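Some notes on the structure that comes next.
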There are 2 protein chains.
Amino acid sequence: MEEIDRAIVAALTVDGRLSYTDLAEKVGLSVSAVHQRVRRLEQRGVINGYAARVSFEALDLPLTAFVAIRPFDPSQPDDAPERLAHLPEIDSCYSVAGEDFYLLLVRVAGPADLERVLQEIRTAANVTTRTTVVLSTPYEGRPPKIDLDPRTRVRPRTNGEAG
Amino acid sequence: MEEIDRAIVAALTVDGRLSYTDLAEKVGLSVSAVHQRVRRLEQRGVINGYAARVSFEALDLPLTAFVAIRPFDPSQPDDAPERLAHLPEIDSCYSVAGEDFYLLLVRVAGPADLERVLQEIRTAANVTTRTTVVLSTPYEGRPPKIDLDPRTRVRPRTNGEAG
DNA sequence: GCTGAAAAACCTCTACC
DNA sequence: GGTAGAGGTTTTTCAGC
């Protein structure tokens, strides 16, 4: 992706409600041009949507936990993500390398709720769970590092490639 | 928090760019009243900000990893989060129960970049690392479950409390 | 805290380069 | 791809309840 588009995306990850006027000023284009670029970024799926960043404590979801899962029967088809998607307590689902198959990020009201969700996860996906409780969250969901300079930009490099 | 405020927050976690006009229609209040409530929610920190949801692949950050850390010397003051905050590759930092002290969510361009970041983490916070690579992300950052009905709402309950 | 209205700012589209 | 301008909508503020 190109420089100005990256600057637009970077600005919108910091403040998703920036007006097109402010965006235009930031990247040095006209309002219409910026608007056009944002619409293209949305269409191409570079921008998937916008969300408010909220305090989960204030929403009565003060307990966060990571739940690592692996199937009871590894020979069965592995469709855990779809089987678990209906559980609203699951914030994220990552397929991971290592001993576990998936790592889930879960948010609940308290221990009793966590117990219920773990049972629902086990029965819905036929898996065992290993849970790590989050005690506090120093920071979360920070804006990603977006390199704006095309010359210093790090391109992913496989291990075997020469420098 | 009260019912209408919860409805407002719920709507903004799904679409952070909803206009006050649309919000007002959704929750059945006037535009001014909704605007006032949103400003209060922002002031009280219930809403911390707004962000675009982006494709990290498109931003040349296709490699995600969880990095569990624990100090070399457990007797030293534990200020890892502050010591690591300057690293833009770290998306989130969770203090966790269990064998590790913190769990970091890291996003980088590729393996070479991950190696560099791991070294920076180790030297900056004087910790050992154990890394779990994310292979794919079925879903991430879904809107939280916000119970709107004050009668069914689950209040956090300690284990010893009677039902 | 809510309503309603008015002014300012913004969004969106069209015409043109 | 870009700019510029016009018209409709939204944001924001304020008086009144």
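Given the structure is predicted, the values throughout are model-derived calculations rather than measurements. Throughout, protein chains are lettered first and strands after them, A, B, ... in sequence-line order, and every chain is numbered starting at 1.
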Going 5' to 3' along DNA chain D, which are the first and last nucleotides with any atom under 4.0 Å from a heavy atom of chain A?
D/dG1 to D/dG5
Is the phosphate of C/dC11, meaning OP1 or OP2, less than 4.0 Å from a side-chain N or O of A/His35?
no
For A/Arg130, which residues count as a salt bridge (charged side-chain N to carboxylate O under 4.0 Å, His left out) partner, sequence neighbours excluded?
A/Asp100
Results of salt bridge (charged side-chain N to carboxylate O under 4.0 Å, His left out) for B/Glu82 - residues two or more places apart only:
none
Tracing side-chain links under 4.5 Å among I, L, V, M, F, W and Y, which residues wind up in one group with B/Phe72?
none
Testing the basics here: between B/Ala97 and A/Thr132, what is the closest heavy-atom pair and its distance to 0.1 Å?
O-CG2, 3.2 Å
Spacing of B/Leu29 atom CG relative to C/dG1 atom C1', expressed in whole Å:
10 Å
Side chains of A/Thr137 and B/Ser92 in contact at under 4.5 Å (non-hydrogen atoms)
no
Close approaches to DNA chain C from residues 10-27 of chain A, in residue order (heavy atom, under 4.0 Å)
A/Ser19, A/Tyr20, A/Thr21
Using whole Å, report how far CG of B/Leu41 lies from P of C/dG1.
11 Å
Contacts of A/Asp79 that satisfy salt bridge (charged side-chain N to carboxylate O under 4.0 Å, His left out) - sequence neighbours left out
A/Arg83
Is it true that a side-chain atom of A/Tyr50 and a backbone atom of A/Leu12 form a donor plus acceptor pair closer than 3.5 Å?
no
Listed once per pair and sorted, the salt bridge (charged side-chain N to carboxylate O under 4.0 Å, His left out) pairs that draw on residues 27-39 of chain B, sequence neighbours left out:
B/Glu2-B/Arg37, B/Asp5-B/Arg37
Computed from five pairs at either end and rounded to 10 degrees, the angle between the axes of the helix from C/dG1-D/dC17 to C/dC17-D/dG1 is 20°
The criterion is side chain to side chain donor-acceptor pair (under 3.5 Å); which residues satisfy it with A/Arg122, sequence neighbours excluded?
A/Thr129
Grouping ILVMFWY residues whenever side-chain heavy atoms fall under 4.5 Å, the cluster of A/Val134 otherwise contains A/Phe66, A/Tyr94, A/Val96, A/Leu103, A/Leu105, B/Phe66, B/Tyr94, B/Val96, B/Leu103, B/Leu105, B/Val134
What's touching nucleotides 4-8 of chain C from the protein side, N or O pairs under 3.5 Å?
residue : atom : partner : partner atom : Å
C/dG4   : N7   : B/Ser32 : OG           : 3.3
C/dG4   : O6   : B/Ser32 : OG           : 2.6
C/dA5   : N6   : B/Ser32 : OG           : 3.4

Atom CZ of A/Arg39 and atom C1' of C/dT12: how far apart are they, to the nearest Å?
9 Å
Quick one, A/Asp113 and B/Lys145 - any side-chain contact, counting heavy atoms below 4.5 Å?
yes
Going by salt bridge (charged side-chain N to carboxylate O under 4.0 Å, His left out), name the residues that satisfy it together with A/Asp91, two or more places apart in sequence or in a different chain.
A/Arg107
Would you name the heavy atoms of A/Ser95 and B/Pro138 that are closest together and state the gap between them?
N-CD, 3.9 Å
